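Take a look at the structure below.
Per chain, numbering begins at 1; letters A, B, ... match sequence-line order. Small disclaimer: the values here were computed from a predicted structure and weren't measured.
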Protein chains: 2
Amino acid sequence: MKLSVKSDYAARAVLGLARAHAGGRSMRVEDLARGQSIPPNYLIQILIELKARRLVKSVRGKEGGYLLAMRPSEITLGDVLRAVHGQVFDTPALTDGSCPTELKQAWQTLQQTMDRAADCINFQHLVEQSAEREKMYYI
Amino acid sequence: MKLSVKSDYAARAVLGLARAHAGGRSMRVEDLARGQSIPPNYLIQILIELKARRLVKSVRGKEGGYLLAMRPSEITLGDVLRAVHGQVFDTPALTDGSCPTELKQAWQTLQQTMDRAADCINFQHLVEQSAEREKMYYI
DNA sequence: CATCGCGTGAAGTTATCCGTGAAGAGCGAT
DNA sequence: ATCGCTCTTCACGGATAACTTCACGCGATG
């Protein structure tokens, strides 16, 4: 089961915006892309999906850009994954009539486990981790 | 994050062999494929991967076929997933130098969660579940 | 109205998944 | 030894999704 780079890009983007969230200023796609090493044109599409899920919002025109639509503590990794893929965890087995029931239950167990784990990780926490590391370097 | 049908097929195949494990007799690919609604030629490839990981073994010639290489209770869903894909959970982010450290840690957390969850589900358990359901129908 | 940056669709290029087919190799029976 | 059964292996091809880039339109600001 492999995660696409898209998920990673999306998470990096939200993390980048979360770091800038304190300032309250918007961030240009170009700068965000450069800061996180994401192909700019691809990032735009990802941001649109994040925006559709109300995780981020955009401001047009000069001085425009992107910013988080809510506080970093309210956004989880699960939200981001659900925004770019339909679900955190998916398998054709669950909708396949020829898959034995007991196996379906096993897949569902995994699904729930993933969902819960992904929803436990929020971006406030991630930002604090990096701040923590900065402090250690400082000492 | 989507699981391929291959994982599902592999799990079904092992489940099918686990059910037949009590008899100690081998199962032909054809029969296993028909019983689990798996394309026969595709199942062959999957079985070879399972064999490489020592989860199943094969017998050639007449009266040949496949059977489990160990007891159903010793085979977990995690083993099967690792056999057909490299790992239970994988993401390019972990090997990407431009992915922020704190995000990598988050992915690793998910990875560990998945691994543990998948290793908690063994096929003895799954077979017992189906037996349980049979009994309920009988009543 | 000029400039800057988002918005959108399309196009193309890989990669991977999924499945098929045919020829090769071991085992048992006749 | 030969033949039939079954696994083994390799190679191919279509379909689908992932990834990336390009070109142009729209909105806001000054």
Side-chain angles (χ1 to χ4, degrees), chain A residues 1-13 17 20 25-53 56-69 81 83-87 90-93 96 98-99, chain B residues 1-13 17 25-34 36-69 81 84-87 90-93 96 98:
Chain A
M1 174 173 14
K2 214 177 66 193
L3 216 53
S4 61
V5 300
K6 188 177 183 180
S7 332
D8 184 36
Y9 288 165
R12 282 195 224 175
L17 293 176
R25 292 174 37 77
S26 65
M27 233 180 141
R28 286 187 312 166
V29 173
E30 270 299 323
D31 297 339
L32 185 57
R34 198 171 4 246
Q36 302 291 336
S37 307
I38 305 173
N41 291 320
Y42 194 29
L43 177 58
I44 291 177
Q45 297 178 40
I46 295 172
L47 284 170
I48 288 175
E49 296 187 57
L50 292 174
K51 184 182 167 186
R53 280 303 198 94
V56 306
K57 54 190 176 186
S58 63
V59 178
R60 288 193 168 193
K62 200 164 166 135
E63 301 292 308
Y66 277 89
L67 56 168
L68 291 190
L81 291 177
V84 293
H85 305 128
Q87 308 182 36
D90 192 20
T91 165
D96 184 346
S98 55
C99 179
Chain B
M1 174 172 15
K2 213 176 67 195
L3 216 53
S4 62
V5 301
K6 190 176 183 180
S7 333
D8 183 37
Y9 288 165
R12 282 195 224 175
L17 292 176
R25 293 173 36 77
S26 65
M27 233 179 140
R28 287 188 310 167
V29 173
E30 271 297 324
D31 297 338
L32 185 57
R34 200 172 2 247
Q36 301 290 336
S37 309
I38 304 173
N41 289 324
Y42 195 28
L43 177 56
I44 290 176
Q45 297 178 39
I46 295 171
L47 284 170
I48 288 175
E49 296 185 59
L50 292 173
K51 183 183 170 186
R53 280 302 199 93
R54 311 293 167 100
L55 298 179
V56 305
K57 55 189 176 185
S58 63
V59 179
R60 288 190 171 192
K62 201 167 164 121
E63 301 292 309
Y66 277 91
L67 55 170
L68 291 189
L81 290 178
V84 293
H85 305 127
Q87 311 182 32
D90 191 21
T91 165
D96 183 347
S98 56

B/Ser7 side chain reached by A/Thr91 side chain, heavy atoms, under 4.5 Å: no
Evaluation steps, side chain to side chain contact (heavy atoms under 4.5 Å, CB included), between B/Leu43 and B/Tyr9: CA-CA 7 Å; B/Leu43 177 56; B/Tyr9 288 165; 5.6 Å; no
A/Glu30 or B/His85: which one's nearest nucleotide on DNA chain C is closer to the 5' end? A/Glu30
Is the phosphate of D/dT6 approached by B/Ser58 (side-chain N or O, under 4.0 Å from OP1 or OP2)? no
Specify the residue among A/Lys2 and A/Lys51 whose closest nucleotide of DNA chain C lies further upstream toward the 5′ end. A/Lys51
Give the intermediate values and the outcome of side chain to side chain contact (heavy atoms under 4.5 Å, CB included) for residues B/Asp8 and B/Leu3. CA-CA 8 Å; B/Asp8 183 37; B/Leu3 216 53; over 6 Å; no
Heavy atoms from C-beta onward define the side chain here; which of D/dT9, D/dA18, D/dT6 lies closest to that of B/Arg28? D/dT6
Before giving the answer on side chain to side chain contact (heavy atoms under 4.5 Å, CB included), spell out for A/Leu47 and A/Leu50 the whole-Å C-alpha distance, their side-chain angles and the decisive distance to 0.1 Å. CA-CA 5 Å; A/Leu47 284 170; A/Leu50 292 174; 4.2 Å; yes
Any donor-acceptor N/O pair, B/Ser26 side chain to B/Gly64 backbone, under 3.5 Å: yes
Find the distance B/Leu67:CG to D/dC7:P and express it as a whole number of Å. 11 Å
Just the rounded figure in Å: distance from P of D/dA11 to CD1 of B/Ile48. 14 Å
Within the structure provided, determine whether B/Met1 and A/Met1 are in side-chain contact (heavy-atom separation under 4.5 Å). yes
Separation of atom CE in B/Met27 from atom P in D/dT6, rounded to whole Å: 13 Å
Please check if any side-chain donor atom of A/Arg12 sits under 3.5 Å from a side-chain acceptor atom of B/Ser98, or the reverse. yes
Interatomic distance, B/Ile46 CD1 vs D/dT8 C1' [rounded to whole Å]: 15 Å
Quick one, B/Arg25 and B/Leu67 - any side-chain contact, counting heavy atoms below 4.5 Å? no
Where the side chain of B/Ile44 is defined as all heavy atoms beyond and including C-beta, which of D/dT20, D/dC19, D/dT9 is the nearest nucleotide? D/dT9
On DNA chain C, which is the earliest and which the latest nucleotide, 5' to 3', with an atom closer than 4.0 Å to a heavy atom of chain B? C/dC18 to C/dC27
Classify A/Lys57 by what it touches in the nucleic acid, base, sugar-phosphate, or nothing, heavy-atom distance under 4.0 Å. nothing
Rounded to whole Å, CG of B/Leu47 lies from P of D/dC7 at a distance of 9 Å
Nucleic acid footprint by protein, nucleotides 21-30 of chain D - heavy-atom cut-off 4.0 Å, B for base, S for sugar-phosphate alone: BB---BBB--
